[in-house]
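Here the structure is laid out as structure tokens; the discussion comes afterwards.
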Amino acid sequence: MFPIKFVRENIEYLKKAGSLKKINVDWEKFEILEKQRRALIQGIEKDRQKHKETNDEFLENKKKGINNQKLLDYAKSLSSGIKTGEKTLSDIEKQIDAIIETIPNIPHSSVPVGETTNDNVIIRTWGEIKEKEFNILPHYEIGKKLGVLEMEKGAKITGSFFPVFAGNGAKLIRALINFMLDIHSKNGFKEVWVPAIVNRKSMFGTGQLPHLEDDMYKIKDDDYFLIPTAEVPVTNFYREDIIPEDNLPQYFCAYTPCFRREAGAYGKETRGLIRLHQFDKVELVKFVQPENSYDELESLVKEAEIILQLLNIPYRVVLLSTADMSFSSSKCYDIEVWAQGIKKWLEVSSCSNFEAFQARRAEIRYKKKDGKTDFVHTLNGSGIALPRVLVAIYENYQTEKGTIKIPDVLIPYMGIDEINGG
RNA sequence: GGAGAGAUGGCUGAGUGGACUAAAGCGGCCGCCUCGAAAGCGGCUGUACCCAAAAGGUACCGCAGGUUCGAAUCCUGCUCUCUCCGCCA
């Protein structure tokens, strides 16, 4: 979200940003409303000044015992005029805000301009994609066979796309969460435990609201939301705060469950664990000085990659083109793992630099050494989302005899080296 | 869930209808003094908006309304914090 002044002064630039991201903004209406707004403010402020002066005169006269009826009447008329003006103004400002809220963040100059997801650029690929000589079962079949994944149980308890993991399946999730948090906190990310339910202001601060309201689970009675990602509570940690520059940068990691309604996303592409209403994720969040934010993005991606390298899962890093990146980000890398059973690249992490876009919405500032305050840059990335990593482990680590080997780094967490049953 | 107390600038804290242009102190910045520093002395001090800029102006005392010519101050609703009671893993 941009301040109105910035929008006014950079209108051509922002128009371009909107068209790159394929988002329509009603610029004509904006310009009309903005003109009206300024004229109105000038009128109101002039009247307020007159009103003040009239009141001063009224008081003087009162002290001298002079009859004041005329002044009183004048002040009354000014006062009621100001009130109507203020009402109109707030109405216009609401309309302007509604338009500004639809302006997406500006893509960085290093982001490829594209028309479709095909214009994304593969930056690097890691690991070896082996051809296996036996028939690998898709994760949902091997999971069911071994009794570690029970989709039907979840559907009974709640609804479809709420999985149940049992026995070693459940244990593997716990192992992955602990493993990831251990790595990140060793690498300088402060571990935080945060609420999985947040208020409207927090959802607005990170940019999920207003346009994604239908994708979220809502607690109506309290106007709270179940978080779709830990990005929301962790970034809002510093909402409306001013951080001393000496305390920057700040790195956080957090495990939370994530909840997404995924309205209208059902289909055969989503069989098994690919798309869920509830899933687990370890998230990385950074608050940094603006001048460092693109270097910080690179190291954030590397931090997420470490997890996959240690798990020995082949992956590739993809730079999203302007057509595929999210509303709030300036630059975004996706990390995709190779799942050998279903033979697909699966997105397991999305690492973004939001520059000051979220910081402005959430009013996250820092006090510079020269005493001035400015908005920080915020970044976040998954490090990593669990279900699709599970898909890769279930499939890539599958053996010919129908068991799942445990990746070496997880053996200390699991206490076993192979899953041969729930 | 019930009862009570509270929310004022970076911080502490005064202010119960008009001189509030928000006192005072702390902190911070600049200057004087000093070889340098401390102390002391003097000055400065927030955010946003309007105006091409400057000068100037306007708004902001938890949030939203209301009363009034005039509200930090009075009224109503809400949010949050604290204390006590109830309930609870």
Side-chain angles (χ1 to χ4, degrees), chain A residues 1-12 30-97 99-101 193-205 209 218-225 233 236-248 257 287 356 359-376:
Chain A
M1 175 148 183
F2 299 101
I4 187 162
K5 208 172 178 178
F6 179 87
V7 175
R8 202 169 70 213
E9 285 164 5
N10 297 278
I11 218 162
E12 290 312 313
F30 172 81
E31 283 177 76
I32 292 165
L33 287 169
E34 168 57 11
K35 256 181 212 158
Q36 285 176 5
R37 172 182 157 268
R38 282 193 285 163
L40 203 54
I41 287 174
Q42 285 171 42
I44 289 170
E45 291 194 349
K46 237 174 233 161
D47 283 351
R48 274 206 277 243
Q49 197 181 348
K50 256 190 250 170
H51 186 247
K52 266 190 180 173
E53 287 163 5
T54 310
N55 265 335
D56 287 346
E57 209 181 322
F58 171 84
L59 261 184
E60 293 272 307
N61 287 354
K62 196 178 167 188
K63 272 182 201 159
K64 291 182 200 154
I66 296 170
N67 184 321
N68 263 331
Q69 197 51 48
K70 261 191 188 161
L71 280 177
L72 209 70
D73 289 343
Y74 183 47
K76 270 186 195 175
S77 74
L78 282 172
S79 182
S80 74
I82 291 166
K83 251 169 217 173
T84 8
E86 279 172 342
K87 240 168 224 164
T88 318
L89 181 64
S90 97
D91 184 57
I92 288 176
E93 280 177 339
K94 262 180 215 152
Q95 291 184 58
I96 291 176
D97 279 351
I99 295 175
I100 289 180
E101 279 166 14
W193 188 98
V194 291
I197 294 177
V198 299
N199 60 30
R200 182 170 284 275
K201 244 183 169 177
S202 292
M203 277 296 184
F204 181 83
L209 286 182
K218 188 173 170 182
I219 295 164
K220 254 188 170 168
D221 286 347
D222 301 291
D223 204 27
Y224 291 161
F225 299 86
N236 278 281
F237 187 85
Y238 280 123
R239 172 152 53 80
E240 289 151 45
D241 279 352
I242 298 173
I243 309 166
E245 186 165 13
D246 285 343
N247 295 353
L248 290 178
F287 301 86
R360 270 191 296 262
R361 288 171 84 96
E363 285 181 72
I364 305 169
R365 289 171 290 175
Y366 73 110
K367 200 169 203 89
K368 291 198 256 189
K369 296 200 172 90
D370 64 14
K372 290 195 174 133
T373 56
D374 196 4
F375 293 106
V376 301

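To find a chain, count down the sequence lines: A is the first, B the second, and so on, and within it residues start at 1.
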Separation of the C1' atoms in rU73(B) and rG62(B), to the nearest angstrom: 16 Å
Mate of rG9(B) where both pairing distances stay under 3.5 Å, Watson-Crick or G-U: none
Walking RNA chain B from its 5' end, the first of Arg365(A) and Lys76(A) to be reached, judged by nearest nucleotide, is Arg365(A)
For rU76(B), the Watson-Crick or wobble partner whose two distances fall under 3.5 Å: rA64(B)
What I want to check is whether the side chains of Asp91(A) and Thr88(A) have a donor and an acceptor closer together than 3.5 Å. no
Quick tally for nucleotides 53-59 of chain B: nucleotides whose base has a protein heavy atom under 4.0 Å get B, sugar-phosphate-only ones S, the rest -, giving ----BBS
Can you tell if the side chain of Arg38(A) reaches within under 4.5 Å of the side chain of Arg8(A), non-hydrogen atoms only? yes
Given protein heavy atoms under 4.0 Å, the one-letter contact record of nucleotides 72-82 of chain B, with B base, S sugar-phosphate only and - none, is simply -----------
rG70(B) OP1/OP2 closer than 4.0 Å to side-chain N/O of Ser79(A): yes
Nearest whole Å is fine: how far is rA48(B) C1' from Arg38(A) CZ? 16 Å
Leu59(A) CG to rA19(B) P: how many Å, rounded? 8 Å
When the distance from CG of Leu72(A) to P of rG18(B) is rounded to whole Å, what number comes out? 17 Å
d(CD, Glu86(A); P, rC50(B)) in whole Å: 16 Å
Phe30(A) vs Ile11(A) side-chain heavy atoms within contact, under 4.5 Å: yes
Base-pairing assignment for rG86(B) (Watson-Crick or G-U wobble, both under 3.5 Å): none
Taking only the C1' atom of each, what is the distance from rU8(B) to rA14(B) in whole angstrom? 10 Å
Checking base pairs now: Watson-Crick or wobble, both atom distances under 3.5 Å. What partners rC20(B)? none
For the P atoms, the ones on rU12(B) and on rG70(B), what distance do you get once it is rounded to whole angstrom? 33 Å
Provide, to the nearest angstrom, the distance between the CD atom belonging to Gln42(A) and the C1' atom belonging to rC50(B). 6 Å
For Arg8(A) and rC50(B), is the shortest distance between a side-chain N/O and OP1 or OP2 below 4.0 Å? yes
When rounded to the nearest 0.5 angstrom, what distance separates CG in Leu40(A) from CD in Glu93(A)? 8.5 Å
Between rA7(B) and rC44(B), how far apart are the C1' atoms? Round to whole Å, please. 29 Å
Which nucleotide, in any strand shown, forms a Watson-Crick or G-U wobble pair with rG56(B), with both distances under 3.5 Å? rC50(B)
Would you call Lys201(A)-Glu363(A) a salt bridge at under 4.0 Å N-O? no
To the nearest Å, give me how far apart CG (Asn55(A)) and C1' (rG70(B)) are. 5 Å
Any strand, both distances under 3.5 Å, Watson-Crick or G-U wobble: rU34(B) pairs with none
Considering only the P atoms, how many Å lie between rU45(B) and rA24(B), rounded to the nearest integer? 12 Å
Can you tell me how far P in rC84(B) sits from the matching atom in rG9(B), rounded to whole Å? 27 Å
Tell me the interatomic distance from Phe58(A), atom CZ, to rA19(B), atom C1', rounded to whole angstroms. 16 Å
Using only heavy-atom distances, determine whether the side chains of Asp73(A) and Gln69(A) contain a donor-acceptor pair under 3.5 Å. yes
Could you give the distance from CZ (Arg48(A)) to CD1 (Ile41(A)), rounded to the nearest 0.5 Å? 9.0 Å
Could you check if a side-chain atom of Asn236(A) sits within less than 4.5 angstrom of a side-chain atom of Val198(A), using non-hydrogen atoms only? no
Where the side chain of Lys83(A) is concerned, which of rC49(B), rU68(B), rC69(B) is the nearest nucleotide? rU68(B)
How close do Ile92(A) and Gln36(A) get, counting heavy atoms only, and between which atoms? CD1-OE1, 3.6 Å
Please give the distance between the P atoms of rC30(B) and rA38(B) as a whole number of Å. 12 Å
Using Watson-Crick geometry (N1-N3 plus N6-O4 or O6-N4) or G-U wobble (N1-O2, O6-N3), each under 3.5 Å, rA39(B) is paired with none
Determine whether Glu101(A) and Phe204(A) make a side-chain contact, defined as any pair of heavy atoms from C-beta on separated by less than 4.5 Å. yes
Considering only the P atoms, how many Å lie between rU47(B) and rA52(B), rounded to the nearest integer? 23 Å
With a 4.0 Å cut-off, would you call Glu34(A) and Arg37(A) a salt bridge? yes
Nearest-Å distance for atom pair CG/P, residues Asn61(A) and rG18(B): 19 Å
